[in-house]
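Every value quoted in this text rests on a predicted model; they were computed, and no experiment measured them.
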Amino acid sequence: MEDKENSGGAFDRTYNKLICQEDFSTDEHFLYSNKEQQQVSMSMVRAESSLNHYRVLAVSLAVLAVVLLAVDIGLGVYYGKLSITDINSELAKLQATYNTAVQRRDEAKRQLAGEMIEHQRTKWELEYQTKRCKDFEKQNDKMQMEIATLRSHLPMIKEGCRHCLPGWTFMNSACYFLTFSEAFSRRSWSEARRFCESKGSDLAVVDSLDKHLALSNLINSYHDSSKAISQSGFWIGLRDTDEEGTWRWLDGRRLTEGYWNDGEPNNQDNEDCAAIYPRSNPFKAWNDAPCNYNLKWICEMVPKSTP
């Protein structure tokens, strides 16, 4: 009995265990089924939500595009009107400003050209005035020298008033007339001698060192340095027309001592008459020259006797 009961109990326990396991398996299957359904439902909800979000975004972008298009059209119309009116006005203003700048530039160029011309004229005038100033200085120096010369000649002039005619200079016991003034035009040797003869005199005979030094000093005192030395000579009464190379004074006396320049006399171009020139070295003051050459001259006269 006990064995039956025991065997029967064991059977019941096994059966109950199977029943329980089956029930558990059924419940577990139901639980998993519910979870999958929930997951499918959640996925569907999420998909619908995302779709709605994209639709809202698409609508928003469409609205924004319409707004931007309207703004663009409005700006296009505004700037279209602006290009026709205001831009033309701005261009006109810029053109006026440019024209004004061009006029000012041209005016500045004209003014600069005028200033350059005036500057050049001022430069020329300065050069001219500088030259005049130098000329005045030379004239002043010459006048001062002439004044000093006249002062040194005052004794000779006073003495000449006693022994010589007006305008003549008394030196070395003789009266001399030198044609310093430009009122006396240059003449040939023969014409100069005729002038002296018309005054009761003749061309100077420089037959001593004292006469030569006195005449050289007088000529140098009145010499105009602006004139060529070839035009500054004075005829004297000496020539070699009768015999070439034999120089004689007007009274026929042969020259014993002359004060010739280096290389003179050279008889170049038939030079048969003698002249004295203003040179710093009085011992080189004589040159021979063609007798028809025009120069100044020196007349010599015997002084008149005193009472």
Side-chain angles (χ1 to χ4, degrees), residues 139 142-225 227 229 231-239 241 247-253 255-259 272-279 282 285-289 291-307:
Q139 292 179 9
K142 182 180 178 181
M143 291 176 64
Q144 294 295 330
M145 184 178 296
E146 290 177 354
I147 291 172
T149 302
L150 289 173
R151 286 177 177 174
S152 65
H153 293 160
L154 280 176
M156 292 186 296
I157 294 173
K158 291 180 179 179
E159 192 68 21
C161 293
R162 297 171 55 193
H163 301 284
C164 306
L165 296 175
W168 291 64
T169 302
F170 183 72
M171 293 187 304
N172 298 100
S173 302
C175 297
Y176 296 93
F177 181 83
L178 290 86
T179 54
F180 292 118
S181 175
E182 291 299 326
F184 297 97
S185 60
R186 292 171 177 79
R187 303 182 184 185
S188 66
W189 189 90
S190 297
E191 291 173 340
R193 187 180 187 187
R194 283 196 293 269
F195 174 88
C196 294
E197 291 173 340
S198 68
K199 302 298 181 181
S201 64
D202 208 337
L203 289 173
V205 175
V206 191
D207 55 355
S208 70
L209 179 60
D210 290 339
K211 285 184 178 181
H212 171 68
L213 293 178
L215 289 173
S216 294
N217 180 53
L218 194 60
I219 290 172
N220 288 333
S221 297
Y222 286 94
H223 172 58
D224 186 357
S225 59
K227 295 180 180 179
I229 189 67
Q231 297 292 324
S232 303
F234 289 79
W235 291 123
I236 57 177
L238 182 67
R239 59 183 177 174
T241 53
W247 293 87
R248 296 182 182 276
W249 297 109
L250 294 177
D251 56 8
R253 289 179 297 126
L255 176 67
T256 57
E257 185 177 6
Y259 307 98
D272 294 330
C273 294
I276 182 171
Y277 289 81
R279 289 194 172 93
W286 291 8
N287 273 47
D288 60 344
C291 295
N292 60 355
Y293 199 66
N294 293 325
L295 292 175
K296 298 288 188 176
W297 61 93
I298 303 173
C299 297
E300 181 180 356
M301 179 189 293
V302 177
K304 61 186 178 180
S305 59
T306 57

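Remark: W189 CH2 to R194 CZ distance equals 10.5 Å, nearest 0.5 Å. Interatomic distance, D288 CG to L238 CG, rounded to the nearest 0.5 Å: 10.0 Å. Between atom CH2 of residue W286 and atom CZ of residue R279 there is a gap of 13.0 Å, rounded to the nearest 0.5 Å. For the atom pair SG of C175 and CE of M301, the computed distance is 7.0 Å after rounding to the nearest 0.5 Å. Note that CZ of R239 is 12.5 Å distant from CH2 of W249, once rounded to the nearest 0.5 Å. To the nearest 0.5 angstrom, W235 atom CH2 is 12.0 Å from R186 atom CZ.
Across all non-hydrogen atoms, the minimal contact from K296 to S181 is NZ-O, 2.9 Å. Scanning all heavy atoms of the two residues, the minimum distance from R187 to A192 falls at CB-N, 4.2 Å. Of all heavy-atom pairs between A214 and N172, the closest is CB-OD1, 3.4 Å. Considering all non-hydrogen atoms of both residues, P282 and Y259 come closest at O-CB, 4.0 Å. Listed here is the closest heavy atom pair of I229 and P278: CD1-O, 3.4 Å. Shown here for M171 and Y176, the closest heavy-atom pair between the two residues is O-CE1, 3.3 Å.
Inter-residue side-chain proximity for W168 and C299 is flagged as met; some heavy-atom pair is nearer than 4.5 Å.
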Check: What do the steps show when you test L215 against I236 for side-chain contact (heavy atoms from CB on, under 4.5 Å), and what is the final call?
Finding: CA-CA 11 Å; L215 289 173; I236 57 177; 5.7 Å; no
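Shown here are the side chain to side chain donor-acceptor pair (under 3.5 Å) partners of E182, two or more places apart in sequence or in another chain: K227.
Looking at K199, its side chain never comes within 3.5 Å of a backbone N or O of E300 through a donor-acceptor pair. The main-chain N or O of L213 is never found under 3.5 Å from a side-chain atom of S216 such that the two would form a donor-acceptor pair. Panel note: side chain D272, backbone A289; no donor-acceptor pair is recorded below 3.5 Å.
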Please tabulate, for the side chains in residues 203-210, all donor-acceptor contacts under 3.5 angstrom to protein atoms that are two or more places apart in sequence or on a different chain.
from: D207; atom 1: OD1; to: K211; atom 2: NZ; distance (Å): 3.3
from: D207; atom 1: OD2; to: R253; atom 2: NH1; distance (Å): 3.4
from: D207; atom 1: OD2; to: R253; atom 2: NH2; distance (Å): 2.9
from: S208; atom 1: OG; to: K211; atom 2: N; distance (Å): 3.3

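The ring-ring contact (aromatic ring centres under 6.0 Å, His included) with F177 is formed by just one residue from the set F234, W297, F184; it is F184.
Counting only residues at least two apart or in different chains, salt bridge (charged side-chain N to carboxylate O under 4.0 Å, His left out) contacts with residues 164-181 are absent.
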